[in-house]
A.B. asks: 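I am attaching a structure below and will ask some questions about it afterwards.
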Amino acid sequence: MVTTTTTLLPRSISPLPFPNPKRTNLRLASPLCSSSKPSNNGASPPPNKNSTRSTKRRRGSYGGSRRSAIKKSFTQEQVTFTTPLSDDPVVGIIGGGVSGLVCAATLEERGLRSTVFDTGMHGLGGRMTTRVIHPQPLLFDHAAQFFTCTDKRFQKLVDRWLDKGLVREWKGKIGQLEAGGKFTPILDPKPRYVGVNGMRFLADSILGQSKMIDVVRPCWISKIEPFNGMWHLSGKEQLHGQFDAIVIAHNGKCANRLLSSSGLPVLTRQMKRLELSAIWALLAAFNDPLPLQRNMHFEGAFVKGVESLSWMGNNSSKLQLKSGTPHCWTFFSTSAYGKRNKVPQENIPNATAEKVKEEMLQGAELALGLPKGGLQKPLYTRVQLWGAALPKNTPSVPCIFDPLGRAGICGDWLLGSSVESAALSGMAFANHIADYFENGGSNPNQFAIGLEETFQEVHGHDIGQFPGMNSQKVDVDESQMVLTS
């Protein structure tokens with residue numbers, strides 16, 4: 001395992017620069033999620049109404065439940081930094097999905113340095129990821145399937161990708177597939193975009209060239225502690241740097257454990273309100289094309305009426321792979337099926353994996369109107385559980401920032417869940433904290449954002465939202481896909 005450092009030339013997301021990364025080796029953190037008692041040196045907690053002494057925070061347990069971690073966090077004192085900001089502030093970004101990467105690139109445009117910490121073994125991007133299976137090779141987008149664009153700020157990034165030949169418009173037929181084989185095309189004039197060689201390479205390109213961004217991966221940040229006016233980030237008792245401000249650009253159980261004894265109870269409370277769905281992904285390669293009816297030659301379909309299936313997409317057609325190679329399909333379950341069959345995603349039992357594979361393949365037969373056993377046996381399969389796939393609710397704010405603790409959150413879930421939402425949230429946080437730094441940290445309350453917003457239910461198909469996409473006659477609510485965070 002090698003920790004990578006990538007450096008970038010100051011510019012930003014609108015438009016972003018993408019030159020060649022420089023890499024050097026750094027030490028690694030171990031894959032561990034836990035929490036620890038933070039020190040308050042350099043940070044001043046507000047007085048407790050029952051005592052003048054600050055409350056000690058208890059050490060969290062890696063094996064502890066999400067509920068117990070959240071409960072502990074509410075006993076924390078709020079960290080309040082009183083030290084002046086440094087002349088050259090640095091931001092620690094925990095999470096290397098689209099939101100975290102765009103945040104780093106936008107900070108660079110504003111002249112600010114940052115370090116991105118990501119757990120990815122194979123690359124950056126979070127749920128904007130592509131799996132390549134050798135030696136064939138087989139190619140699967142196994143999270144985000146495509147994306148749309150409605151915001152001119154995000155369009156600048158998309159245009160840069162288009163100019164560099166990294167994305168193209170996906171004009172393949174997609175629609176709604178009802179159980180029994182009834183297919184209805186989705187006719188929409190707005191473009192759908194895909195990565196030319198898969199989604200993962202788009203994430204890599206966001207940090208193309210710079211001198212102001214470090215990337216450390218694979219690295220699990222398991223502890224954040226305020227000390228001497230800075231945030232100290234570490235994992236398994238190994239320090240990974242100190243930062244003037246931090247942003248959590250991921251969610252789920254590790255984010256909750258990280259916050260559970262951080263001294264940031266208000267951020268923790270907002271993260272606790274987030275409800276996430278679990279979705280199974282099945283990657284399957286077939287020697288022959290699937291037996292689609294004559295009027296059903298689609299490249300992607302939102303599936304209705306099949307509990308084990310909500311989407312099926314043909315990677316080979318979408319990515320224009322060579323003819324004569326195996327036909328690679330990505331299947332997603334419904335969130336209801338994911339919830340009913342949820343297991344620890346880091347350690348999926350073999351029996352569960354086999355059960356899910358068989359039931360999702362049977363779901364494909366049902367959706368296509370094939371008899372039982374009518375689907376050819378795949379030459380390759382792999383299942384993956386996205387345990388924190390998509391938000392069920394959202395505060396509909398671009399970012400969250402606690403100016404007293406100089407910490408915040410960005411991510412697609414804050415705006416509803418899409419590639420576009422992830423990028424816009426990263427931009428928003430970066431610009432917000434840059435303004436805070438320029439202000440010198442004075443009048444912090446005027447920079448508080450998203451700390452009290454209530455959450456509303458997210459509507460749409462099981463696999464997410466696609467802003468600007470009109471389904472008209474098809475029951476797919478303006479939908480984006482198991483995305484990135």
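In this text, all values refer to a predicted model and were calculated from it rather than measured experimentally.
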A.B. asks: For residues Q136 and T325, determine if any side-chain heavy atom of one lies less than 4.5 Å from a side-chain heavy atom of the other.
C.D. replies: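 Q136 does not reach T325 side chain to side chain.
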A.B. asks: Any non-hydrogen side-chain atom of C149 less than 4.5 Å from a side-chain atom of Y193?
C.D. replies: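 Sidechains of Y193 and C149: in contact.
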A.B. asks: Is a side-chain donor-acceptor pair under 3.5 Å present for R110 with N431?
C.D. replies: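 Their side chains do contain a donor-acceptor pair, which is all the 3.5 Å distance test asks for.
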A.B. asks: How about Q155 and D159: does a side-chain donor come under 3.5 Å of a side-chain acceptor?
C.D. replies: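 Note: Q155 and D159 side chains meet the donor-acceptor criterion.
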A.B. asks: Any side-chain heavy-atom pair from W170 and E299 closer than 4.5 angstrom?
C.D. replies: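 With C-beta onward as the side chain, the pair touches.
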A.B. asks: Are any of the side-chain heavy atoms of D412 and E420 separated by less than 4.5 Å?
C.D. replies: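 No, their side chains stay 4.5 Å or more apart.
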A.B. asks: Say you draw a straight line from CG of L424 to CZ of R153; how long is it, rounded to the nearest 0.5 Å?
C.D. replies: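 Going from CG on L424 over to CZ on R153, the span is 5.0 Å.
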A.B. asks: Would you list the atom pairs, donor with acceptor, under 3.5 Å between side chains in residues 361-371 and any protein atom, with sequence neighbours excluded?
C.D. replies:
{"unit_1": "E365", "atom_1": "OE1", "unit_2": "G373", "atom_2": "N", "d": "3.3"}
{"unit_1": "E365", "atom_1": "OE2", "unit_2": "G373", "atom_2": "N", "d": "3.0"}
{"unit_1": "E365", "atom_1": "OE2", "unit_2": "G374", "atom_2": "N", "d": "3.2"}
{"unit_1": "E365", "atom_1": "OE2", "unit_2": "L375", "atom_2": "N", "d": "3.1"}

A.B. asks: Could you name each residue pair satisfying salt bridge (charged side-chain N to carboxylate O under 4.0 Å, His left out) that touches residues 196-210, not counting sequence neighbours?
C.D. replies: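 For residues 196-210: none.
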A.B. asks: Go through the structure and list residues passing ring pair (Phe, Tyr, Trp, His ring centres under 6.0 Å) with H327, not counting sequence neighbours.
C.D. replies: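 For H327 there are no ring pair (Phe, Tyr, Trp, His ring centres under 6.0 Å) partners, ignoring immediate neighbours.
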A.B. asks: Consider only side-chain N and O atoms of Y337 and E359, and report whether a donor and an acceptor are under 3.5 Å apart.
C.D. replies: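 A pair is found: one side chain offers a donor N or O, the other an acceptor, under 3.5 Å apart.
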A.B. asks: Checking T106 side chain against V102 main chain: does a donor-acceptor pair fall under 3.5 Å?
C.D. replies: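 Indeed, once roles are kept as given, a pair shorter than 3.5 Å links the two residues.
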A.B. asks: Indicate the atoms forming the closest heavy-atom contact of P218 with T119, along with that distance.
C.D. replies: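 It is CB-O, 3.6 Å.
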A.B. asks: Taking the side chain from T130 and the backbone from M199, do they hold a donor-acceptor pair closer than 3.5 Å?
C.D. replies: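 Yes; at least one donor-acceptor contact below 3.5 Å.
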A.B. asks: Is N341 close to W280 at the side-chain level, that is, under 4.5 Å between some pair of heavy atoms?
C.D. replies: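 In short, these two side chains touch, coming nearer than 4.5 Å.
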A.B. asks: Using a distance-only test with no angle check, is there a side-chain donor-acceptor pair under 3.5 angstrom linking Q345 and W386?
C.D. replies: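 No, no side-chain donor-acceptor contact under 3.5 Å.
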A.B. asks: Which salt bridge (charged side-chain N to carboxylate O under 4.0 Å, His left out) pairs, counting each pair once, include a residue from residues 319-342, with sequence neighbours left out?
C.D. replies: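 Checked against salt bridge (charged side-chain N to carboxylate O under 4.0 Å, His left out) - neighbours excluded - the pairs reaching residues 319-342 are E307-R340.
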A.B. asks: Out of P391, S425, S421, which residue meets the side chain to side chain contact (heavy atoms under 4.5 Å, CB included) rule with W413?
C.D. replies: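 Checked P391, S425, S421 against W413; only one passes side chain to side chain contact (heavy atoms under 4.5 Å, CB included): P391.
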A.B. asks: Taking only residues two or more places apart in sequence or in another chain, which ones pass ring pair (Phe, Tyr, Trp, His ring centres under 6.0 Å) with F243?
C.D. replies: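 Partners of F243 under the ring pair (Phe, Tyr, Trp, His ring centres under 6.0 Å) test: F117.
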A.B. asks: With a 3.5 Å cut-off and no angle check, do the side chains of N256 and K272 form a donor-acceptor pair?
C.D. replies: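 There is no such pair (donor and acceptor under 3.5 Å, judged by atom type) between the side chains of N256 and K272.
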A.B. asks: What residues form a salt bridge (Lys or Arg N to Asp or Glu O under 4.0 Å) with E453, not counting sequence neighbours?
C.D. replies: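 In terms of salt bridge (Lys or Arg N to Asp or Glu O under 4.0 Å), with neighbours along the sequence ignored, E453 is linked to no residue.
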A.B. asks: For E178, which residues count as a side chain to side chain contact (heavy atoms under 4.5 Å, CB included) partner, sequence neighbours excluded?
C.D. replies: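 If we apply the side chain to side chain contact (heavy atoms under 4.5 Å, CB included) test to E178, skipping adjacent residues, the hits are Q176, K182, K304.
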A.B. asks: On a heavy-atom basis, which atom in V306 and which in T334 lie closest, and how many Å separate them?
C.D. replies: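 Distance-wise, the nearest heavy atoms are O-CG2, 3.6 Å.
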A.B. asks: Checking A203 now: which residues fulfil side chain to side chain contact (heavy atoms under 4.5 Å, CB included) with it, not counting sequence neighbours?
C.D. replies: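 A203: side chain to side chain contact (heavy atoms under 4.5 Å, CB included) contacts with L101.
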A.B. asks: Keeping to residues at least two apart or across chains, list the salt bridge (charged side-chain N to carboxylate O under 4.0 Å, His left out) pairs with something in residues 132-145.
C.D. replies: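 Passing the test, one end in residues 132-145: D141-K318.
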A.B. asks: With side chains defined as the heavy atoms from C-beta onward, is the minimum distance between L107 and I93 less than 4.5 Å?
C.D. replies: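 In contact.
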A.B. asks: Just to verify, what does R382 make a salt bridge (Lys or Arg N to Asp or Glu O under 4.0 Å) with, not counting sequence neighbours?
C.D. replies: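 For R382, no residue satisfies salt bridge (Lys or Arg N to Asp or Glu O under 4.0 Å) once neighbours in sequence are set aside.
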A.B. asks: Using the test side chain to side chain contact (heavy atoms under 4.5 Å, CB included), find all partners of F183 that sit at least two apart in sequence or belong to another chain.
C.D. replies: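 Side chain to side chain contact (heavy atoms under 4.5 Å, CB included) list for F183, sorted by chain: K173, L177, P185, M296, F298, A301.
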A.B. asks: Could you work out, with side chain to side chain contact (heavy atoms under 4.5 Å, CB included) as the rule, every residue matching S396, not counting sequence neighbours?
C.D. replies: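 Here the qualifying residues are T394, Q456.
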A.B. asks: Using a 3.5 Å distance criterion without hydrogens, assess whether the side chain of R217 forms a donor-acceptor pair with backbone atoms of V116.
C.D. replies: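 Absent.
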